[in-house]
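Chain letters run A, B, ... following the sequence lines, proteins first and then strands; every chain starts at 1.
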Amino acid sequence: MRLFDMLQWRGFVHQVTHPELADALEKGPMTLYCGFDPTADSLHIGSLLPIMGLAHFQRAGHRVIALVGGGTGLIGDPSGKTDERSLMTKEQVAAYVEGIRRQLEYFLRFDGPNPAIMLNNADWLAELPLLDFLRDIGKHFSVNAMLNRESVRKRIEDREHGISYTEFSYSLLQAYDYLHLCREYECRLQVGGSDQWGNIVAGMDLTRRLLGTDTFGMTFPLVTKADGSKFGKSEAGNVWLDPERTSPYRFYQFWINQADADVPRFLRFFTFLSQKEIEALEACIQSEPEKRAAQRRLAEEVTRLVHGEDALAGAVKASQAVFGGALQGLDEATLNEVFSEAPGTELPRAVLAEGRALLDVLVGAGVFSSKGEARRMVKSGGLYLNNERVDAEDARLTEQALITEHIAVIRTGKKNYHLLRFV
RNA sequence: GGUGGGUUGCCCGAGUGGCUAAAGGGGACGGGCUGUAAACCCGUUGGCUUGCGCCUACCGUGGUUCGAAUCCACGACCCACCA
């Protein structure tokens, strides 16, 4: 299958500037780039789609450039934003660039044959003399046309928010990037999110005018969910690629919990599984949805890709423990990670020695607001200690309640956890 | 400014002197079922003790009464109609 057809089958193609791109890609290696905004020190899964896109190009033998916007990040892209953004400091942006650079290295090969290239547009934008820029670049942009751009027009019509000259100029800078990369790296294609269409086209125009080179542009679709909610958010907030921000366990769980209706698309987007494999998994969703083989495979593939084999094994093990029942055998570090979002209470070890009444301790720890509520919970079979149902209202808390050196895991209902740490 | 109606537990809402910790619904929580889903079914939903016991509760304050969410007075707030 041709690369372009494969991308189309996977759903990566939202818009293309020229249909000829499909053939052009078959004629030999092409250089392409995609920009990443340093708006935080980590990418979140919203950036996963462009990253996967780049990876497909690299696998097909094309030369990919990952451009981190260390320069444009200082200005701020107005695309899709309703408010003027507050400027970030140079130090902040520099730090973010570093964080993002490290993460991209997990997805793209930067060594061996046909290595990917990582660039930072601060390297050329920061040096750009203002007068030269205005004469050589600015001359080619019609303000009339720019005012018609959706992202700009909205902001101008809305007196509440407005748009500063700084953000208005953003598109020129991104256009200049394309020009620069075309000149220095023979870059012929820019890809990006669907909100980047305008910026991409602006870059192509500039490149044609100044270099006489025809280039391509292509955008990826916005990732949507069948139920209309926003992709990329979990109950705990944004899902990040940085394991410090979103633990591999949470990450794995995020994918496991995707709806049946979304999984086929997500398998195409976020895994390298073949068409055959994906179609087989789709058949499973139809024939035996309760097994959720597709979700499991999706979670496995993406977690392995982002966090590696070891982290995946840990996440699977933790998931089995939490949802399968037995907590025994998990170490303290894993427990703390799995329950990192669950509330916890520190208690003196003496409590165990005294053998205090479990319900009293739980009321004290804020698990229940009254003893009556605690009793009711036990009566209806909703209280668990280390995932084993507590059925005696007068149960006492002793050393035996500990699952590890310091921890006892309290659960009410299906998934409300509370950790008791004895120090 | 006048007249009439209202203020109930997390929310809505029944309740017009004792049988009312207060119907019913929603929500929430728990159990069952299940696919770490949806739907559905059952249960719980003031506190303390848990066997019938006590305490605190129906806007606030005071009163009538053996007994008041329920009657009366005053106050606060809300709504409607009239000016």
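We find that CD of A:Glu393 is positioned 12 Å from C1' of B:U49, with the value rounded to whole Å.
Using modelled atom types, one finds a donor on one side chain and an acceptor on the other under 3.5 Å when comparing A:Tyr33 with A:Gln190. A side-chain donor from one of A:Arg149 and A:Ser171 sits under 3.5 Å from a side-chain acceptor of the other. Side-chain contact check for A:His418 and A:Thr345: at least one donor-acceptor pair (N or O, by modelled atom type) lies under 3.5 Å. Counting only N and O atoms by type, the side chains of A:Gln174 and A:Asp177 include no donor and acceptor under 3.5 Å apart.
Applying a 4.0 Å cut-off to non-hydrogen atoms, none of the residues of residues 299-309 of chain A approaches RNA chain B. A heavy atom lying under 4.0 Å from RNA chain B marks none of the residues of residues 358-366 of chain A.
Applying the Watson-Crick and G-U wobble criteria (two distances, each under 3.5 Å), B:C77 pairs with B:G6. Using N1 to N3 plus N6-O4 or O6-N4 for Watson-Crick, or N1-O2 and O6-N3 for G-U wobble, each under 3.5 Å, B:C52 pairs with nothing. Pairing for B:G67 is absent, with no Watson-Crick or G-U wobble pair whose two atom distances lie under 3.5 Å. B:A14 is unpaired under the Watson-Crick or G-U wobble criterion, no partner having all donor-acceptor distances under 3.5 Å. As the counterpart of B:U34, no nucleotide is assigned, since no Watson-Crick or G-U wobble pattern has both distances under 3.5 Å. Using the Watson-Crick or G-U wobble rule with both distances under 3.5 Å, B:G1 pairs with B:C82.
Under a cut-off of 6.0 angstrom, the local environment of CD in A:Gln400 is sparse, with at most 12 non-hydrogen atoms contributed by other residues, nucleotides or ligands. Open room surrounds CD on A:Glu186; 12 or fewer heavy atoms of other groups in view lie less than 6.0 Å from it.
Here ring-ring contact (aromatic ring centres under 6.0 Å, His included) pairs that include residues 76-122 of chain A, with residues two or more places apart or in two chains, number zero. Listed by first and then second residue, the salt bridge (charged side-chain N to carboxylate O under 4.0 Å, His left out) pairs that reach into residues 114-125 of chain A come to none, sequence neighbours excluded.
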*asked:* I'd like to compare against my own output: the B/S/- annotation of nucleotides 25-36 of chain B with a strict under-4.0 Å heavy-atom distance to protein.
replied: ----SSSSBBBB
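The CD atom of A:Glu277 sits 12.5 Å away from the CD atom of A:Glu282 when rounded to the nearest 0.5 Å.
Remark: the separation of the P atoms in B:G4 and B:C52 is 48 Å, to the nearest Å. Across B:U20 and B:C33, the matching C1' atoms stand 36 Å from one another, rounded to whole Å. To the nearest whole angstrom, the two C1' atoms, one in B:U61 and one in B:C77, are 15 Å apart. Using atom C1' as the reference point in both B:G1 and B:C10, the two lie 39 Å apart (nearest Å). Annotation: B:A14 and B:G24 have their C1' atoms spaced 7 Å apart (nearest Å). Comparing the C1' positions of B:A80 and B:G18 gives an interatomic distance of 35 Å, to the nearest angstrom. Rounded to whole Å, the P atom of B:C81 lies 26 Å from the corresponding atom of B:A73. Taking atom C1' in both B:C58 and B:U16, one finds a spacing of 13 Å when rounded to whole Å.
A cation-pi contact links A:Arg411 to A:Tyr384, judged by a cut-off of 6.0 Å to the six-membered ring centre and 45° from its axis.
Annotation: ring-ring contact (aromatic ring centres under 6.0 Å, His included) contacts of A:Phe216 (sequence neighbours excluded): A:His18.
For the OP1/OP2 pair of B:G43 and a distance below 4.0 Å, the side-chain nitrogens and oxygens of A:Lys379 include no atom meeting the criterion.
The shortest non-hydrogen separation linking A:Pro115 to A:Gln58 is C-NE2, 3.9 Å.
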